[in-house]
Amino acid sequence: LHKYVLPLPSPAADSGRMQQSVRVVPLVAGSVVEGTLTIVEDATERVAREADLQNRSRQQAALALSARSALAGHDIAAVCRDAVGHIAETVGADFAEALELRADGSWAALAGAGWGADAPEPAARGTLVQDAEVVVLGPGASPDAHLAARGVTSGLVVRIPGRGAKPFGLLAVYSRAARRFTPDEVQFARALADIVGTAAERKLLEGELRVRAEALAEADRRKDEFLAMLAHELRNPLAPVRNAVQVLRATRADDPAVVRHADLLTRQIGHMAHLVDDLLDVSRITRGKVDLRKVRVDLADLVAAAVETARPLIEARRHQLRVSLPAEPVLVEADPTRITQSLGNVLTNAAKYTEDGGHIWVAAGRDGAE
């Protein structure tokens, strides 16, 4: 039976091997003889599996770091430097690079690793991804003389996606040693290229949004300038119209119809002047040029001026207005124009949104120090 049994290897001579026992059934002189055969299986497959898991872990970590760099808002050159460093280290290549396809059709280097101070011109390699997303270079297939001069025999070139069919650029690794790139390495390179392409698209959109925001800001500034100019131009004809109404009233004071219409025109001119002032205020507010001219003024005078501003609308809607003011003067430090405008706006809104023939009350007084 000993001729069918292999000797066991010594532990010292086989520290990297595995032992496995199997049942052997040899035929000897027409009879069945059972025995045990110990075979030694090389651990190469196990080591390869562990190395594959480690490579995938490194690839996942590199993708996570590159994605973090892209999300952090770094400029595209920094994102490309990170991607080139990750792919060169993870794949174990001698050289790596990221190239950009410019609007004029030329190629420019954004980042590189392993080249030293004398990086080759990118023109010849840039054409590789014009028609293919992935290009694998084998021995003797160096795309230009610069790579051949550096002893490059293998390479992996992937397209960095851009807008439409036009690529943003390429991401590539090269090796002096003849080697085959695994499907995992190809997918890893494509994932890195996608991250770079997404970051480039994001930067492009940010630039477009910034230009659009600047254009909108310029249009808004011009609108404010137009409103300011329009308000000043509208104020000019109001003065002669008001003077003409006063002359008409003075010369035809004996005609009730003329007096009534003159009063109507006076109120409407005042309302128009109020609207023009509001237009000026909008222009001043948007440009940050609102100035408060504070003086000591009686609160009763401010309320009376506001009531007079809103009175035409109150009378037109047939509202009953009741004003309650303190008997003693209440002096405040305020801008009379702004306070009158504020109170007038409140009264105007009350007149607008109260049913016809409604009641409006205005009360002013002192409450402690207010």
Problem set entry | Electrostatic pair Arg210-Glu206, nearest N-O below 4.0 angstrom | no
For this session: Search all heavy atoms of Ala273 against all heavy atoms of Arg242 and return the closest pair with its distance.
Result: CB-NH2, 4.0 Å
For this session: Indicate the atoms forming the closest heavy-atom contact of Ala193 with Val158, along with that distance.
Result: CB-CG2, 3.8 Å
Exercise. With no hydrogens and no angle check, is any side-chain donor or acceptor of Trp107 less than 3.5 Å from a backbone partner on Gly169?
Worked result: no
Exercise. Do you know the tightest heavy-atom contact between Val245 and Ala262?
Worked result: CG1-O, 3.5 Å
Exercise. In this structure, are over 12 heavy atoms from other groups packed under 6.0 Å from Glu355 atom CD?
Worked result: no
For this session: Determine the sole option in Leu99, Leu171, Val136, Val135 for which the side-chain contact (heavy atoms from CB on, under 4.5 Å) test with Val157 is passed.
Result: Val135
Seminar exercise, completed: In short, salt bridge (Lys or Arg N to Asp or Glu O under 4.0 Å) pairs touching residues 181-190 with sequence neighbours left out are Arg56-Asp184, Glu133-Arg190, Arg179-Glu185
Problem set entry | salt bridge (Lys or Arg N to Asp or Glu O under 4.0 Å) evaluation trace for Asp356 with Arg317 | CA-CA 5 Å; Asp356 290 354; Arg317 299 293 296 271; 2.3 Å; yes
For this session: Check Asn345, Thr309, Asp335 against Thr340 for a side-chain contact (heavy atoms from CB on, under 4.5 Å) and give me the one that passes.
Result: Thr309
Exercise. Crowded around Asp104 CG? As in, over 12 foreign heavy atoms under 6.0 Å?
Worked result: yes
Exercise. Does one side chain, of Arg249 or Gln246, offer a donor that lies under 3.5 Å from an acceptor on the other?
Worked result: no
Problem set entry | Over 12 foreign heavy atoms within 6.0 Å of NZ, Lys294 | no
Exercise. Do you reckon Val323 sits in the same ILVMFWY cluster as Ile339, going by side-chain contacts under 4.5 Å, direct or chained?
Worked result: yes
Problem set entry | Nearest heavy atoms of Ala83 and Val196, plus distance in Å | CB-CG2, 3.8 Å
Problem set entry | Check against salt bridge (Lys or Arg N to Asp or Glu O under 4.0 Å), Glu370 and Arg366 | CA-CA 6 Å; Glu370 298 180 353; Arg366 179 190 297 274; over 6 Å; no
Exercise. Is the number of heavy atoms from other residues, nucleotides or ligands under 6.0 Å of Glu315 CD greater than 12?
Worked result: yes
For this session: Indicate yes or no: does Arg260 engage Asp263 in a salt bridge with an N to O separation below 4.0 Å.
Result: no
For this session: Check whether more than 12 heavy atoms from other residues, nucleotides or ligands sit under 6.0 Å from atom CZ of Arg163, and answer yes or no.
Result: yes
Problem set entry | Trace of the salt bridge (Lys or Arg N to Asp or Glu O under 4.0 Å) decision for Arg222 with Glu218 | CA-CA 6 Å; Arg222 292 183 178 182; Glu218 176 64 18; 3.1 Å; yes
